[in-house]
There are 2 protein chains.
Amino acid sequence: MNKKSATIYDISKKLNVSVATVSRALNNHPRISQATKDLVNKTAKEMNYKQNNLAKALKSGETKNVGIIVPFVNTNFFSSVIRGIEEELSPFGYHVIICQSHEDVNIEKRHLNTLLNAQVDGIFMSVSRTTIDTAHIRNILDTTNTPIIFFDRKKDISGISTVTIDDYRGGYMATEHLIKEGYKNICHFSGDLNLEIYQNRLNGYKQALKDHHFQVKEENIIMTGSSIEEGIEAIKKLWDRKSVPDAIFSASDFAALGACQELKKRKIKIPQEVAVIGFSNEPFTQFMELPISSVDQTPVMMGKMAGQVFLESVKENGSGISTEKKVVLAPQLYIRKSSRRK
Amino acid sequence: MNKKSATIYDISKKLNVSVATVSRALNNHPRISQATKDLVNKTAKEMNYKQNNLAKALKSGETKNVGIIVPFVNTNFFSSVIRGIEEELSPFGYHVIICQSHEDVNIEKRHLNTLLNAQVDGIFMSVSRTTIDTAHIRNILDTTNTPIIFFDRKKDISGISTVTIDDYRGGYMATEHLIKEGYKNICHFSGDLNLEIYQNRLNGYKQALKDHHFQVKEENIIMTGSSIEEGIEAIKKLWDRKSVPDAIFSASDFAALGACQELKKRKIKIPQEVAVIGFSNEPFTQFMELPISSVDQTPVMMGKMAGQVFLESVKENGSGISTEKKVVLAPQLYIRKSSRRK
DNA sequence: CTGTTAGCGCGTTCAG
DNA sequence: CTGAACGCGCTAACAG
């Protein structure tokens, strides 16, 4: 009892009309009589007809599917961006296909290929940490018409639209905020500098210091990952020195949390003795009894903008032209107890 | 300059062999000489050939795509399940398509249809809160061969496999834990009883009370949603009474958090005066300065199991038989400060 | 070992 | 207003 779904051919046989008529009736073609349309639609429903989008896509060249490649799907940031993309594109009939790169450029490459084989109409991606060489991505641009859109973690490739937040500005804002609160010795927990976002946050930090006549000390820039443990380790390392900082701008909320935990353990008062501000505005930052200041990346909005950029590029592609767009969103500073002195 | 990708037909023309030979060479068919294979593969690479999976799927009837319908993608629970499914299925060449129902049964229906039109090989879903009638789902079972797999939020439909945790047991464990810690007047924050999971957690709570000779009082069961605000409201309502509880088992971590916040505001000591335990083991529960006890749902594992159930059903479908599976995972109790008296 | 051809399901010319 | 026939790209059955 194999339930094969009915095709327009089945309907045409039953009704003794041609498949063309059935197809047109189903698609509400103007030159079909209302009577036939009604009849076809009625029997289609009766026979439980379902349009096979595969065949349609093969014919039209549009699958109405887009791919999204992220390192991992179960983080607040990436899942929120995905939410934004899905909500922007779903009304236009698109489906989103999710792939995880696990921060591995080889897996990323493989996904890129399988998505292309699946004939997706576009690819959204945040590159993995191990993506240094981008030849494989540029190659896609040269050999296909599939638009690629970078969000957050971009690479500089001409022809690829990007949607990011102004990480430089975020870093600047966070640092300046600490300065204005009166902190004098601000150190920075930076992430993997292979990713532009962390370079930019770092540069924003540096520039804010300079603009306010503070010295940028290399020893105040600590490389950490995005984990609680690395935040703890960073504090341990810092407090082994003779002069300790009075404020921390962490490029990661998790490292900021680790810092808070370790500082508390050492009975160092936040924000009286040391201020802490993170980045990403992870949900937990506001739930803490000592809420942690952070820079919001507006991820859902980022997804929606990325969706819009894609939709525009689809339109343009029809008309021949195709320009790259660079959307930069404004980061939002959330000042909470961990960095407010008064 | 439209970059249309090469087809096997292009390769066959260039090499003066038939398309069948090209297809077979590309698929490493045994009855093709190594020389031809090498030649075909080489020129395929040169011409930047990409296999069109649409055509393949149309022919084979397998798209190697599965759909996942969840209320929202950007929650820790659902994004973690998705991660599990993706990681289980990706090695077998499957892609996952994500749809959000926004807790709306009509949107859910629409997604179900478009996924079917897209010829997905299977559908994973957690039903929306507004899904009371399930005729549309049963109809799919009757008219297609597409396997459906419920995870977490299931409905009782014969023929549909399910992967859940034992919510009854989770509720029982949480309640019994509170009893053993010496709490005497335990109340329960329940979620939407239209969803089985909340019924089960509630039933587990009731049974644990009975088994330990406590009375089940209806006024101790408060209906709340899964938000901080509703947790706060629930506490306000409870503390308006003459007799207040000394422990709360909340079916939602967010409501539990709201409760903690409101209790703290009222200078009521946790866990000395009132114990709190939540459900879901949201990341934030362990990050708090007063970490909140919770019941873990092992969402990634749930996704992996759902993926396995699907893979088995695909195999079985080939051999004709098709049995439904009911996988029930064990919940895990995480006891933290919020419910540990000593 | 290789070639010819049909067909997967649909939309779409071109005729009528 | 409707029908006949082609083609999207690929695999597989049948022939050689």
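In what follows, chains carry the letters A, B, and so on, assigned in the order in which the sequence lines appear, proteins first and then strands, with residues in each chain numbered from 1.
- Between His102(B) and Phe72(B), the ring planes lie tilted relative to each other; the angle falls in the 30° to 60° range.
- As a whole-Å value, the separation of Lys59(B) NZ from dC10(C) P is 16 Å.
- Exactly one of Val40(B), Asn52(B), Thr21(B), Leu26(B) qualifies for a side chain to side chain contact (heavy atoms under 4.5 Å, CB included) with Ile8(B). That residue is Leu26(B).
- Taking the side chain of Asn27(A) as heavy atoms from C-beta on, and the options dT2(C), dG11(C), dG9(C), the nearest nucleotide is dG11(C).
- Where DNA chain D meets chain A (any atom under 4.0 Å from a heavy atom), the bounding nucleotides read 5' to 3' are dC1(D) to dG9(D).
- Distances were taken from every side-chain heavy atom of Thr7(A) (C-beta onward) to each of dT5(C), dG7(C), dG9(C); the shortest belongs to dG9(C).
- Side-chain contact, His95(B) with Thr114(A): a donor N or O sits under 3.5 Å from an acceptor N or O.
- Heavy atoms of Thr36(B) sit under 4.0 angstrom from primed sugar atoms or phosphate atoms, though from no base atom.
- Considering only heavy atoms from C-beta on, Asn139(A) comes within 4.5 Å of Asn48(B) through its side chain.
- Among the heavy atoms of the strands lying under 4.0 Å from Ser33(A) are primed sugar atoms or P, OP1, OP2 only; no base atom is included.
- Nearest heavy atom pair, residue Leu311(A) against residue Leu89(A), reads CG-CD1, 3.9 Å.
- Put simply, CG on Asp10(A) is 15 Å from P on dG7(C), counting in whole angstrom units.
- One end of the helix from dC1(C)-dG16(D) to dG16(C)-dC1(D) points its axis 40° away from the other end's axis, with each axis taken from 5 pairs and the angle rounded to 10°.
- Among all heavy-atom pairs drawn from Pro71(A) and Arg153(A), the shortest one is CG-NH1, 3.5 Å.
- A side chain to side chain contact (heavy atoms under 4.5 Å, CB included) with Val127(B) is found for exactly one of Glu196(B), Lys154(B), Glu108(B), namely Glu108(B).
- When all heavy atoms of Ile140(B) and Ile148(B) are compared, the pair lying nearest together is CG2-CD1, 3.9 Å.
- Considering only side-chain N and O atoms, Gln119(B) lies nowhere under 4.0 angstrom from the phosphate OP1 or OP2 of dG9(C).
- Residue Tyr49(A) places at least one side-chain N or O under 4.0 Å from the OP1 or OP2 atom of dC10(C).
- When all heavy atoms of Phe124(A) and Ala306(A) are compared, the closest pair comes out as CE2-O, 3.3 Å.
- Place Thr21(A) and Arg31(A) on DNA chain C by their nearest nucleotides, and Thr21(A) ends up nearer the 5' end.
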